[in-house]
Amino acid sequence: MRLKELLHYTYIFPVLAVGYYFSGLMGGGVINDIIAGLLLTGSVLSAVHHAEVVAHKVGEPFGTIILALCITIIEVALIISLMVAGGDQAITLARDTVFAAVMIILNGILGICILVGGVKYHEQFFARTSATTYLVSIVSILVLTLVLPNFTSSVNGPFYNEAQLIFISIACLVIYGVFLMVQTVRHRSYFIVPDEHPEGHYIPSLNKTLISFGFLVVCLVIVVLMAKGLSGTIEGMVQSIGAPKSLVGVIIAGVVLLPEGVAAIRAARSNQIQSSLNLALGSALASIGLTIPAVSAVCIMYDIPLVLGLDKKDIILLSLSVFIVMLSLSRGKTNVLYGTVLLVNLAAYIFTVIVP
């Protein structure tokens with residue numbers, strides 16, 4: 001690559017962010033935290049750029065799968081590190097983080113994509129078979145991991161015992177594994193919209209793709225690390241307005257999901273709603289399908305109790321969100337109303353976190 005390309009902001013911001021994070025300046029005051037926030041934002045935009053470069057090279061649906069898996073793996077690493085460090089204090093961390101991520105993806109990212117696309121193009125079209133395939137997998141894993149623990153009787157409370165955790169983890173991995181096989185091999189056509197102008201697409205070189213993939217991983221890692229580093233500042237802000245501590249998890253989940261969210265919204269603005277769906281629903285599926293088995297394995301090894309079952313309020317909000325998404329994607333085309341309703345659902349979720 002030429003030196004001029006390497007001086008692009010998408011290469012400079014991640015390098016500056018890494019240097020700033022390891023300099024120890026974070027948390028040193030308001031100015032330092034503002035600088036950290038600006039570098040974090042630049043790293044998010046850089047991650048989106050590098051993800052698009054990789055996606056252009058490997059094609060759909062592999063490009064969206066790579067971004068979803070990268071973010072999910074880093075999210076899992078963050079949750080596990082916090083749980084091991086927090087011990088019994090962090091028994092609800094995995095549940096709260098996964099639930100916040102799912103609600104933000106289904107209502108927030110998907111809602112904004114549908115609304116933005118609807119405002120600009122009135123209607124956007126996608127393959128109904130892809131939405132159905134995603135939702136069948138998502139709904140099954142959601143019920144098995146976040147609802148069923150409230151109704152088992154081997155252990156009192158919203159817990160699974162060790163045997164149940166192992167079974168549920170295997171079930172999640174089986175569903176996600178078969179889904180990936182369907183998405184990439186047997187029914188790949190479900191997740192692709194034929195391109196009317198393939199000759200207009202730029203295909204990056206292998207060398208540039210490998211460099212972008214490396215920077216993509218760096219961007220995602222530094223976004224998570226800086227989000228974790230700013231969590232104390234965020235927690236202080238939340239406490240200063242008198243909001244519950246659970247709002248901190250929602251904010252951090254939103255920051256971690258920013259790269260996917262920006263990429264999905266940009267795809268919707270380019271009239272590529274299928275790519276937006278692949279990113280949003282694929283991220284939701286990877287988030288629960290991979291996070292729960294990984295966290296369960298760590299909890300079994302370290303004998304950490306793990307609360308998975310949601311309370312009644314959250315089950316109602318989750319059911320409403322899934323139901324509205326199913327109705328919104330049942331016809332194979334979108335409009336502004338679907339996006340608006342999903343964003344209202346997100347607002348209701350965040351409001352009830354602040355005012356339970």
Side-chain angles (χ1 to χ4, degrees), residues 1-22 39-78 101 105 109 176-177 179-181 183-185 188 191-192 195 198 200-228 255-267 270 272 274-287 289-291 294:
M1 294 180 63
R2 291 175 298 179
L3 179 61
K4 184 178 179 180
E5 292 179 341
L6 290 174
L7 292 177
H8 194 260
Y9 80 92
T10 56
Y11 298 99
I12 293 176
F13 265 110
V15 174
L16 291 177
V18 170
Y20 192 79
Y21 177 79
F22 288 104
L39 291 174
L40 186 150
T41 303
S43 297
V44 167
L45 297 176
S46 301
V48 174
H49 168 80
H50 293 300
E52 289 178 343
V53 171
V54 174
H56 281 306
K57 182 66 176 180
V58 301
E60 285 294 338
F62 298 102
T64 53
I65 291 174
I66 289 173
L67 180 57
L69 287 179
C70 284
I71 290 182
T72 301
I73 291 170
I74 295 169
E75 178 188 357
V76 167
L78 176 61
I105 292 169
I109 296 177
Y176 188 70
F179 169 82
L180 281 183
M181 184 267 292
Q183 186 182 25
T184 58
V185 182
R188 185 182 173 191
F191 306 88
I192 302 173
D195 194 348
H201 281 192
Y202 164 68
I203 306 298
S205 65
L206 178 61
N207 183 46
K208 184 172 183 178
T209 302
L210 291 175
I211 292 174
S212 285
F213 180 74
F215 269 89
L216 171 62
V217 173
V218 170
C219 290
L220 297 177
V221 171
I222 200 61
V223 164
V224 173
L225 290 176
M226 295 189 82
K228 183 180 177 182
V255 172
V256 173
L257 290 169
L258 265 178
E260 286 173 306
V262 174
I265 294 167
R266 287 177 64 170
S270 300
Q272 298 173 346
Q274 185 66 60
S275 293
S276 298
L277 291 180
N278 290 347
L279 274 167
L281 297 180
S283 298
L285 181 56
S287 179
L290 297 179
T291 301

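The residues of the chain are indexed from 1 along the displayed sequence.
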As a quick check of understanding, evaluate side-chain contact (heavy atoms from CB on, under 4.5 Å) for Gln274 and Asn278, giving each step before the final call. CA-CA 6 Å; Gln274 185 66 60; Asn278 290 347; 3.2 Å; yes
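Atom CG of Leu279 is separated from atom CD of Gln272 by 10.5 Å, given to the nearest 0.5 angstrom. Distance OH/Tyr21 to CG/Leu225: 4.5 Å, rounded to 0.5 Å. Separating the CD atom in Gln183 from the OH atom in Tyr176 is a distance of 7.5 Å, to the nearest 0.5 Å.
Considering only residues two or more places apart in sequence or on other chains, Phe179 meets the ring-ring contact (aromatic ring centres under 6.0 Å, His included) condition with Tyr134, Phe191.
When all heavy atoms are compared, the tightest approach of Ser43 to Ile222 is OG-CG2, 3.8 Å. Considering all non-hydrogen atoms of both residues, Ala17 and Met226 come closest at CB-SD, 3.9 Å. Nearest heavy atoms, Ile105 versus Ala284: CD1-N, 3.6 Å. Taking each heavy atom of Ile109 and Ala280 in turn, the nearest pair found is CG2-CB, 4.1 Å.
With hydrogens and angles disregarded, no donor-acceptor distance shorter than 3.5 Å links the side chain of Thr10 to the backbone of Ser46.
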Using residues 209-221 as the side-chain source, report each donor-acceptor pair under 3.5 Å to any protein atom, sequence neighbours left out, with the distance given to one decimal.
{"residue": "Thr209", "atom": "OG1", "partner": "Ser205", "partner atom": "O", "Å": "2.8"}
{"residue": "Ser212", "atom": "OG", "partner": "His50", "partner atom": "ND1", "Å": "3.3"}
{"residue": "Ser212", "atom": "OG", "partner": "Lys208", "partner atom": "O", "Å": "3.2"}

